[in-house]
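Throughout, protein chains are lettered first and strands after them, A, B, ... in sequence-line order, and every chain is numbered starting at 1.
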Amino acid sequence: MAAGRRRVFPTLRARLPWPDCTGPIPLAMDRTDMTQTGSTGVIDRDALQALFDAVIARGYVPVGPTVRDGALVLDELTGVADLPAGWTEDQEAGTYRLRRRDDAALFGFTTGPQAWKPYLFPPKTKLWAAEATRDGGWAIHNTPDDAPDDTRPFAFIGVRPCDLHAIQVQDRVFLDPRHPDPLYAGRRERALVIVVQCGQAAATCFCASMDTGPRAESGYDLALTEVLEGDAHTFVADAGSAVGRSLLAEVPHDEAGADHLAAAAACTQRARDQMGRRIDTAGLPDLLSAAYDSDRWDALGRRCLACGNCTMVCPTCFCSRVEDVTDLTGDHAERWRAWDSCYTLDFSYIHGGSVRRTIGARYRHWLVHKLSTWHDQFGTSGCVGCGRCITWCPVGIDLTAEVPLIRDRGSKA
Amino acid sequence: MTDKPTLAVWKFASCDGCQLTLLDCEDELRAVTEAVTIASFPEASRAVLDGPYDLSLVEGSITTPADRARIQAVRQQSRTLVAIGACATAGGIQALRNFADVQALLETVYARPEDISTLATSTPIADHVTVDFELRGCPISKTQLLEVITAVLAGRKPNVWPSSVCLECKARGTPCIMVAHGTPCLGPVTQAGCGAICPAYGRGCYGCYGPMETPNTAALVDWLRGLGMAEAAIQRLFRTYNAAAPDFRQAGDRLGEGRHG
């Protein structure tokens, strides 16, 4: 692909605060520290409640997977009993079905309909309120009382490696030192991250292509690998931070021997072998930037509903709109931030109309940003291979099927 | 009190549900009456002040020659005219007549059809007069009604978005019922505003708020066929409260091709 055809902003990359653009963003809250001893162990399934107890005793609100509305959703949990024991799911493009397993695995599934985004970047947030003053001006209140955020510290239990990477991708958006988002920063700083490594993959998973899974190596407080062998049901634990180590110390556990670590590695390999989809990422940013006139966009515009579901379920999509509201007296105003989607006409509305009027243009914008210009803007891909945009597209549009078609057209040109 | 803006509520062919949303405001009703003088609202009071009116809320569709003339008089008396509800913005459920032979219906239903003076179609207010804003819904949302009244009084644009119901489903954390259960749902082609109530209770969207800004009904129909729905069943999805909204009408017509005389 000719580099000259690519629409890049050459100065942008030089201005990124983390010049290598490859590793995780250096964060204050990245407590990762892999050098300490005493950071691994094996927790029996019956002792897992002790981990919840230790988390709750530290003041965290546990959030994790549970069965609701016929899906494995994330919600606040009271303990192990709320976890979806013996449940799994089948995923395909536009289809998700909950199904019983023939064992009692607690994390025997992959990704649910929504990632952790709502807990770090809520769908709707009041930013501030204002009252009209007697002298005809406005008094803006942006104290916590006027714009209350949920300041409870969450313990994310069961973060999949792809979703951990998604959090790190959003960190680059919301924690850029030039314009950090205080609401996100607060929620992120308070959150405890307990990863559950993947032991299986859905038909829609392609984290291996995006190099975001199925095993996370850092960026967590604690990582668990669920191992079911015969009657044994254990979790091989790996603490990635001082908090994680102290939590592990409070939970009854055995030493992790070579056999345990091998069993955990086998789980990872199984997930890798089951990986249902893939994307060839070689040269992909250049390829997509040069595919502005591909005839695939028109074809996609005929299939795409422009409903915005893919952007809502995407764990990295970060766009929001700002709404100013007044009350009937006209003396009280509020500013709210709400999730927005690049699939709406309003998203690209400027003086004179919307820039992306056709649905094909909106799909192109989303896909090219996600897989190409995201690199220019944030130094990573915007895709972590979780497959949610495939499963939760109401008409089953599959970017892993579309990218090769765009690639084929490009090579013929 | 006369220096406050005046509000008038008008009824055309409709069930009254949308205008009663104003009374449903309950907690906010006092604030409404402090902000405006309710000059004409027969559902609430027999006292009617003469026009002109600063804000007219018009409910219902145009189905008779008399109403076709009356809406002109309403427009002439109204500084700002807001059409409220599916009847006023799309013709309502009674626009199903648009797909039928009205004379045959009259002869079936009425003993003396010659006494009935009606039009062949049920049409939205905007087909007859200039409408300043259309508030969708069957019925409309109380929150959106208050927002529109507030916005009109403040001289600003209402925060009413023409995007899909899906965005509201996701904001409230409802997993997609079409994906997770195979339940047919008009949410992806329907305008938001209801708060995605039906999917939250496991029901497919009925399309009460009419077509969203760029509805791709053809793609949704293809997918519903793939779910095993019969053509007639898909057509019925589109032929309810907003059957005559152009995008839903076209979807229904395409599904009906070859089956109707």
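- For the atom pair SG of Cys176(B) and CG of Asn309(A), the computed distance is 5.5 Å after rounding to the nearest 0.5 Å.
- Looking at Val36(B), there are no atoms closer than 4.5 Å to chain A (heavy atoms on both sides), in backbone or side chain.
- Interface remark: Trp339(A) contributes side-chain atoms only to the contact with chain B (heavy atom separation under 4.5 Å).
- Here the closest heavy-atom approach between residue Pro175(B) and residue Val73(A) is recorded as CG-CG1, 3.7 Å.
- Looking at Ala333(A), neither its backbone nor its side chain comes within 4.5 Å of chain B, counting heavy atoms on both sides.
- Per-residue counts of heavy-atom pairs under 4.5 Å with chain A were compared for Ala219(B), Ser163(B), Ala200(B); the largest is that of Ala219(B).
- Only the backbone of Asp327(A) has a heavy atom closer than 4.5 Å to any heavy atom of chain B.
- Side-chain atoms of Trp161(B) and Asp346(A), non-hydrogen and from C-beta on, do get closer than 4.5 Å to each other.
- How far NZ of Lys170(B) is from SG of Cys310(A): 10.5 Å, rounded to the nearest 0.5 Å.
- Of the listed residues Gly330(A), Pro123(A), Gly70(A), Pro394(A), the one with more heavy-atom pairs under 4.5 angstrom with chain B than any other is Pro394(A).
- For Asp340(A), no part sits under 4.5 Å from any heavy atom of chain B, backbone or side chain.
- Of the two parts of Leu305(A), the backbone and the side chain both hold a non-hydrogen atom closer than 4.5 Å to a non-hydrogen atom of chain B.
- The two atoms that bring Thr214(B) and Ala306(A) nearest to each other are OG1-CB, 4.1 Å, heavy atoms only.
- For the atom pair His181(B) NE2 and Asp69(A) CG, the distance stands at 6.5 Å (nearest 0.5 Å).
- For Arg156(B), the part lying near chain A is the side chain, with the backbone staying farther off; criterion is any non-hydrogen pair under 4.5 Å.
- With a 4.5 Å cut-off on non-hydrogen atoms, Ala71(A) touches chain B through its side chain but not through its backbone.
- Contact of Ala31(B) with chain A is made through backbone and side chain together, with heavy-atom distances under 4.5 Å.
- Put simply, CD on Glu168(B) and CE on Met312(A) are 11.0 Å apart, with the number rounded to the nearest 0.5 Å.
- Heavy atoms closer than 4.5 Å to chain B are found in the backbone of Tyr343(A), but not in its side chain.
- If you measure heavy-atom distances from Leu220(B) to chain A, the contacts under 4.5 Å come from both the backbone and the side chain.
- Taking CZ from Arg68(A) and OG1 from Thr174(B), the interatomic distance works out to 7.0 Å, rounded to the nearest 0.5 Å.
- In this structure, the side chains of Pro162(B) and Leu345(A) stay at 4.5 Å or more apart for every pair of heavy atoms.
- The neighbour count for Arg225(B) CZ, taken as heavy atoms of other residues, nucleotides or ligands under 6.0 Å away, is above 12.
- Nearest heavy-atom pair, Ala93(A) versus Trp223(B), reported as atom, atom and distance to 0.1 Å: O-CH2, 3.7 Å.
- Side chains of Glu34(B) and Leu328(A) form no contact here, defined as non-hydrogen atoms less than 4.5 Å apart.
- Atom OG1 of Thr326(A) sits about 8.5 Å away from atom CG of Asn159(B), to the nearest 0.5 Å.
- The side-chain heavy atoms of Leu167(B) and Ser341(A), taken from C-beta on, include a pair separated by under 4.5 Å.
- Contacts of Thr391(A) with chain B are made by both backbone and side-chain atoms, with heavy-atom separations under 4.5 Å.
- Heavy atoms from other residues, nucleotides or ligands lying under 6.0 Å from CZ of Arg172(B) number more than 12.
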